[in-house]
Amino acid sequence: MSTTTERSGGPTLPQERRLVTGIPGPASRELMARKLATVASGVGSVMPVFARRAGGGIVEDVDGNALIDFGSGIAVTSVGNSAEAVVRRATEQLALFTHTCAMVTPYEGYVEVCEELARLTPGDHPKKSILVNSGAEAVENAVKIARYHTKRQAVVVFEHGYHGRTNLTMALTAKNMPYKHGFGPFAPEVHRVPMAYPFRWLTGPDACAEEAAAMVVDRITKEIGTANTAAIVIEPLLGEGGFIVPARGFLPRLAEFAREHGIVFVADEIQTGFCRTGQWFACEDEGIVPDLITTAKGIAGGLPLAAVTGRAEIMDAAHAGGLGGTYGGNPVACAAALGAIETMRELDLPARARRIEEVMKPRLLALAEKHPLIGDVRGRGAMLAIELVRPGTKEPDAASTASVAAACHRAGLIVLTTGTYGNVLRFLPPLVIGEELLTEGLDILEAALTGL
Ligand code: PLZ
């Protein structure tokens, strides 16, 4: 794995951790005071440091501290920050035009991104796409399209699932705090069913897939009614719910059930997609071909872009003019996406993600041997996590999780927590991170766990 910065980030951004002040430093503290005075307090921040520039596996703050990035801005900058091809293509586009509105006078970039999505997403059936601005908007559109196509209303989602913060996607999201609390009422016709969560399945992991799938099938057939069910919406590897890898066999069973009953199977690959899990899309792991797939985050190297891609006959169901939005598929974001996809191909980022797993997983498993606080190590590719519990039990330990994260932050490692119980530390490095930074980040994590 290369440690140079020539393909990502400014060529002058050294790929090394450097702490020149405490975290946060004085310049960040000053900005934080201004933020608190003027930015709505509902908008939180994981670390109280302000970014100045970023590239490769490093985020440099306004005090000159260089932090190791195990977050990628929540799984976005897979190709690195300011990746060369992203900057080049987006800059060229900026100078040509910034916006005409794809619904007024369309442009080639929009079409090219949809062509790439048709090529790259699972399945070789005819596909079509719509481009929008955020993950939540993509999920909203997937549900609109599935409802129109099936003429049914019910949407099935899962425990621990996360799909966004708009009204419909809040309804689809499982966790109350912080996403939903106080923001109701929520959209109707949303039904939550069990997730095959091996670590917490009551009868143990072995029967998890089969038992969970049977429960889901039962709920849909007996309580909701297959004839009322428009869509099953699921993340093939859960993100905000705690990096849960559904027990093997669960997803194929659901996809098969959906096919049998004309239910649209929607894979939400907003966090898992575009090389993150070691394949272009996480569905590929069990050979799932979703009817619709939602993508965002990694697609455009940091610019806001999202998509719904799927079977042409489903995507074409809605009447002309029924889908859209002012900024959807913004030309600069489309150019950035084409640059990001070019980078993914050129650097073979799925292979890089698998290499990150090869380096990180054995270290995490070894840490779990030493620290009974670690109840589970899981994930795929560069989407890995540890779940923290009170030793000898499965009782979630959110307090220790927060302490370990805080110790990592003080040492200059950006890590994020996640999970329904707030007790999961997740690791989402940019796929272009150098191996030395990866190892150093793991050393910091180990020290933080040991120092607890
Ligand atoms: N679906 C699977 O992971 C976004 C949310 C961070 P938007 N995840 C990060 C936060 O606290 O808001 C996400 C996702 C999955 C949908 C979304 C929503 O994507 O681009 O944030 O709207």
Side-chain angles (χ1 to χ4, degrees), residues 39-47 70-78 130-143 155 157-181 183 187 190 195 231-246 251 266-274 276-277 281-283 290 292-309 325 327-330 333 336-337 340 379-383 385 405 414-420 422 424 426-428:
V39 177
S41 6
V43 184
S45 44
V46 172
M47 286 182 70
F70 274 14
S72 299
I74 324 189
V76 171
T77 51
S78 300
I130 173 177
L131 303 183
V132 290
N133 303 294
S134 69
E137 205 186 343
V139 175
E140 291 252 359
N141 275 281
V143 171
V155 180
V157 289
F158 293 81
E159 285 168 0
H160 311 288
Y162 181 90
H163 301 288
R165 294 177 182 260
T166 57
N167 187 261
L168 173 60
T169 58
M170 273 193 293
L172 303 179
T173 291
K175 191 176 174 180
N176 176 51
M177 198 54 126
Y179 308 121
K180 303 167 75 167
H181 184 77
F183 298 134
V190 172
M195 164 52 58
I232 294 176
V233 182
I234 190 165
E235 300 158 84
L237 198 165
L238 281 69
E240 307 305 307
F243 279 33
I244 300 163
V245 184
L251 293 171
V266 183
D268 181 346
E269 291 240 23
I270 285 162
Q271 190 151 168
T272 51
F274 284 102
R276 178 55 54 188
T277 64
F281 294 94
C283 275
L292 302 182
I293 180 167
T294 54
T295 53
K297 291 187 183 277
I299 190 175
L303 275 82
L305 189 71
V308 186
T309 301
Y327 293 114
N330 169 272
R380 288 204 304 273
M383 187 167 179
I414 302 175
V415 285
L416 310 174
T417 61
T418 185
T420 302
V424 175
R426 58 169 150 176
F427 311 112
L428 290 162

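Numbers for residues simply follow the sequence, beginning at 1. Whatever order the structure lists them in is the order used to number ligands and atoms, beginning at 1. Scope of the values below: all heavy atoms of this structure, side chains included, with no hydrogens, waters or symmetry mates.
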| query | In Å, rounded to the nearest 0.5 Å, how long is the span from CD of E235 to OG1 of T294? | reply | 8.5 Å
| task | For E137, check salt bridge (charged side-chain N to carboxylate O under 4.0 Å, His left out) against everything at least two apart and list the hits. | result | none
| request: Write down, by chain and number, every protein residue that brings a non-hydrogen atom to less than 4.0 Å from an atom of ligand 1. | output: I74, S134, G135, A136, Y162, H163, G164, R165, Y179, E235, E240, D268, I270, Q271, K297
| Excluding sequence neighbours, so at least two apart, what forms ring pair (Phe, Tyr, Trp, His ring centres under 6.0 Å) with F70? | none
| said: Is the shortest side-chain heavy-atom distance between I234 and L251 below 4.5 Å? | reply: yes
| said: Tell me which pairs pass side-chain hydrogen bond (donor to acceptor under 3.5 Å, both in side chains) where either residue lies in residues 296-309, with sequence neighbours left out. | reply: S129-T309
| Any side-chain heavy-atom pair from T295 and F281 closer than 4.5 angstrom? | yes
